[in-house]
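Single-structure report; data block below.
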Amino acid sequence: MTMTKRRPIMAGRSTIAFSLLLSSSLSSLSSSSSSFASPAAAFTSKLPASRSFASARSPRSITAPCSATLKMSQPSSSSSSEAAAIDGTEEEKEEEEKEEEKKVYLPSLPLPPPLFSTVPGTWAHDTMSRRVESEILERTYEEMRDEFHSPGFESALEGMERLRSELRDASNVKIRHLRELTYDDEKEKESRAREREEWRAILEPFVSKGDTWLSAPWMVAEFYLYRRLMEEIGYFDPSNPTTHLWDPFLKAKRAGLATSAASAEGVMARVEGLPPTREGTGLAAAFALWGNKMDLSIWPADADNADRDVFSEILERAGENLLHDDANELEDHCEGLRERGGGNVDVIVDNAGFELVTDLALADHLVSAGVAGVVTFQLKSHPTFVSDAMEKDLRETVEHYASLDAEKYPYAQRAGVRWQRYLDDGKWVCREDNFWVQGSAMWDMPEPLRSDMTSRCDLAFVKGDANYRRLLGDRDWDYTAPFQDVVGAYFPCPVCALRTLKAEVGCGMDADQVERASGLDDQWMVNGRFGVVHFGTGFADA
């Protein structure tokens with residue numbers, strides 16, 4: 001299928017600086033050649049009306065670092081007057097949160113329509129009509145075949161087949177609300193009820209009008225798919241201890257972790273020697289960007305590559321495959337944080353496996369270089385998208401690296417020891433939140449998460465393709481619409497998106513680079529070959 005090109009609306013900046021920064025690092029890493037194949041289909045795009053945009057923004061003023069916790073300080077006296085003051089403070093806080101919930105934060109541009117899975121030949125249609133059932137769930141079943149056919153997993157196997165049966169007829173089967181479960185534990189009951197109601201609010205517009213797996217917006221349907229999988233296997237059902245909190249993607253994640261050390265060793269050697277400068281920050285961010293290419297849902301871990309430095313081969317082509325580069329803006333902001341003694345930096349994490357290792361390498365450098373006093377990892381609250389990382393995956397990764405053979409992987413092993421120390425000392429903090437596994441746009445970020453990030457966070461790195469799709473609301477933006485106007489205008493804090501392209505959605509890309517990429521590769525939007533570095537100031541300075 002011939003791709004319909006979008007009409008460019010503004011020229012973009014050059015990517016020379018970022019390319020030079022990457023190329024200068026490759027001397028310390030092995031160089032060879034490799035290519036990754038993807039079953040992505042060619043796709044079509046709408047031609048949005050041409051618009052003129054103002055992209056210049058003043059940087060956000062950087063405040064002093066805040067505590068990494070949300071606990072309020074309490075007076076030591078128990079007098080009635082002080083108790084009344086505390087009660088008043090709590091009431092005022094509740095009122096403020098209610099007022100905050102009424103506010104609406106949106107991009108500064110008119111919202112284009114969302115992406116759907118109804119058009120044959122698009123990546124969205126291929127994903128929801130074929131890939132999720134015949135590739136992703138089939139591979140999950142094969143990897144976990146022994147478990148699925150073990151005692152206690154009978155209902156999980158039945159549920160998996162029930163879900164796959166729906167997806168085989170995705171154009172006709174209607175989506176439904178999640179089922180209600182019974183819980184004895186009051187805390188778990190309350191938590192699950194709240195999460196179920198959040199999903200009810202997301203799904204209701206589409207359930208009420210009888211949408212199918214294909215006619216519902218793609219982002220909603222795809223996130224819902226993984227939540228339904230959790231329901232079907234009994235992940236949240238305490239009545240079956242065998243499947244309760246059982247991760248069906250665990251083997252895939254551990255395979256990705258087990259094969260990561262060879263590539264990580266060269267990266268860690270470089271990260272350990274990075275200077276505490278803007279160039280060092282830029283290079284650490286580059287490693288985290290291209291680590292996103294190693295996505296287990298598209299390229300499963302291969303035992304044959306366990307001793308092969310695949311990542312060096314990706315970095316060899318990194319400069320030529322960067323479609324937009326806001327590295328200078330990112331480095332300026334990080335320098336401001338360093339000059340003020342370090343800030344609070346969040347990493348909204350994407351995949352476990354090697355990509356998570358590169359995220360930890362970025363966080364390692366931010367702390368050691370003085371850019372961050374505390375790094376908070378925002379993680380998934382249940383298994384999703386095959387390889388997306390939960391807190392348990394991050395901690396297992398740290399433990400794995402700390403226990404590596406120090407003679408074979410000296411830099412990687414030392415990194416693991418440092419990472420464990422950061423966790424022990426509170427310089428690294430892990431948080432899971434249901435919002436990160438739900439199919440809503442990031443401008444719908446709920447309270448108290450949004451207020452926390454607004455008041456506490458000095459910079460957030462948003463990693464990966466699914467998170468990027470949510471930044472854009474998975475909508476049909478013009479590819480050259482400025483990132484600041486699409487994301488920077490509403491996000492609760494300064495934000496840097498590091499993404500390799502794996503879906504037919506994007507913004508903030510340079511017009512000439514879009515034309516070049518589409519001429520080089522008709523799968524340029526979906527196969528992870530190309531990447532972007534975007535920076536936005538956040539709504540306070542939008």
Side-chain angles (χ1 to χ4, degrees), residues 1 3-12 40-55 57 104-128 202-203 205-206 209 211 214-224 323-324 326 438-445 462 464-491 495 497 499 501-511 513-515 517-518 524-526 530 532 534-536 538-539 542:
M1 179 179 292
M3 185 187 72
T4 303
K5 296 180 181 178
R6 299 186 181 214
R7 181 166 65 251
I9 53 179
M10 63 173 286
F43 61 92
T44 59
S45 302
K46 296 182 180 68
L47 282 171
S50 179
R51 296 185 290 267
S52 61
F53 297 111
S55 59
R57 290 289 186 271
V104 177
Y105 300 91
L106 291 170
S108 62
L109 304 175
L111 295 181
L115 298 185
F116 293 92
S117 308
T118 51
V119 181
T122 62
W123 182 246
H125 180 269
D126 186 53
T127 295
M128 295 308 301
I202 294 169
L203 294 172
F206 316 110
K209 65 188 183 76
D211 271 319
L214 297 191
S215 65
W218 179 28
M219 181 172 70
V220 173
E222 193 169 15
F223 275 82
Y224 169 67
L323 301 184
H324 188 82
D326 281 339
Q438 295 172 346
S440 55
M442 282 204 188
W443 55 72
D444 291 325
M445 186 180 295
V462 179
D465 196 74
N467 285 329
Y468 186 93
R469 287 168 57 191
R470 295 185 67 193
L471 283 175
L472 274 59
D474 214 34
R475 290 175 176 266
D476 194 24
W477 297 98
D478 190 293
Y479 292 154
T480 56
F483 182 81
Q484 173 63 33
D485 293 334
V486 177
V487 177
Y490 78 81
F491 204 77
V495 55
R499 177 226 188 181
L501 281 61
K502 302 169 191 171
E504 301 152 332
V505 60
C507 75
M509 291 181 283
D510 305 336
Q513 295 292 343
V514 168
E515 184 174 359
S518 61
W524 70 283
M525 284 293 291
V526 298
F530 296 96
V532 292
H534 288 315
F535 182 83
F539 82 101

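Residue Gln438 holds its CD atom at 4.5 Å from CD1 of Ile202, rounded to the nearest 0.5 Å. Atom OG of Ser108 and atom CD of Gln484 lie 7.5 Å apart (nearest 0.5 Å). Atoms CE and OH, on Met442 and Tyr490 in that order, are 6.5 Å from each other to the nearest 0.5 Å. Here Glu515 contributes atom CD and Asp510 contributes atom CG; the two are 12.5 Å apart, rounded to the nearest 0.5 Å.
For Leu106, the side chain to side chain contact (heavy atoms under 4.5 Å, CB included) partners two or more places apart in sequence, or in a different chain, are Val104, Leu111, Trp443. Taking Tyr224 as the reference, Trp213 meet the ring pair (Phe, Tyr, Trp, His ring centres under 6.0 Å) condition, with sequence neighbours excluded.
Among the candidates Val119, Thr122, Asp474, the single residue satisfying the side chain to side chain contact (heavy atoms under 4.5 Å, CB included) test with Glu504 is Thr122.
A heavy-atom distance below 4.5 Å is not found between the side chains of Met219 and Leu115. With contacts defined as side-chain heavy-atom distances shorter than 4.5 Å, the pair Leu203/Val220 qualifies. Contact annotation: the side chain of Cys507 approaches that of Tyr468 to within less than 4.5 Å [non-hydrogen atoms, C-beta and beyond].
Residue Ala503 comes nearest to Asp465 through the heavy atom pair CB-OD2, 3.2 Å, listed as atom of the first residue, atom of the second, then distance. Closest heavy-atom contact between Leu501 and Val532: CD1-CG1, 4.2 Å. Contact between Met128 and Ser117 at its shortest, heavy atoms only, is CG-OG, 3.4 Å. Across Ala441 and Gly473, no two heavy atoms sit closer than the pair CB-CA, 3.7 Å.
By the 30° and 60° cut-offs, the orientation of the rings of His534 relative to Phe483 is parallel.
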Self-check item: Pair Tyr479-Leu323, side chain to side chain contact (heavy atoms under 4.5 Å, CB included): steps then yes or no
Solution: CA-CA 11 Å; Tyr479 292 154; Leu323 301 184; over 6 Å; no
Exercise. Report the C-alpha distance between Arg469 and Trp218 in whole Å, list the side-chain angles of each, state the deciding distance to 0.1 Å, and finish with yes or no for side chain to side chain contact (heavy atoms under 4.5 Å, CB included).
Key: CA-CA 10 Å; Arg469 287 168 57 191; Trp218 179 28; 3.2 Å; yes
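Side chain of Trp477 to main chain of Pro112: no donor-acceptor pair is present (N/O by atom type, distance under 3.5 Å, no hydrogens or angles).
For the pair Arg470 and Phe223, the distance from NZ or CZ to the six-membered ring centre is under 6.0 Å and the angle to the ring normal is within 45 degrees.
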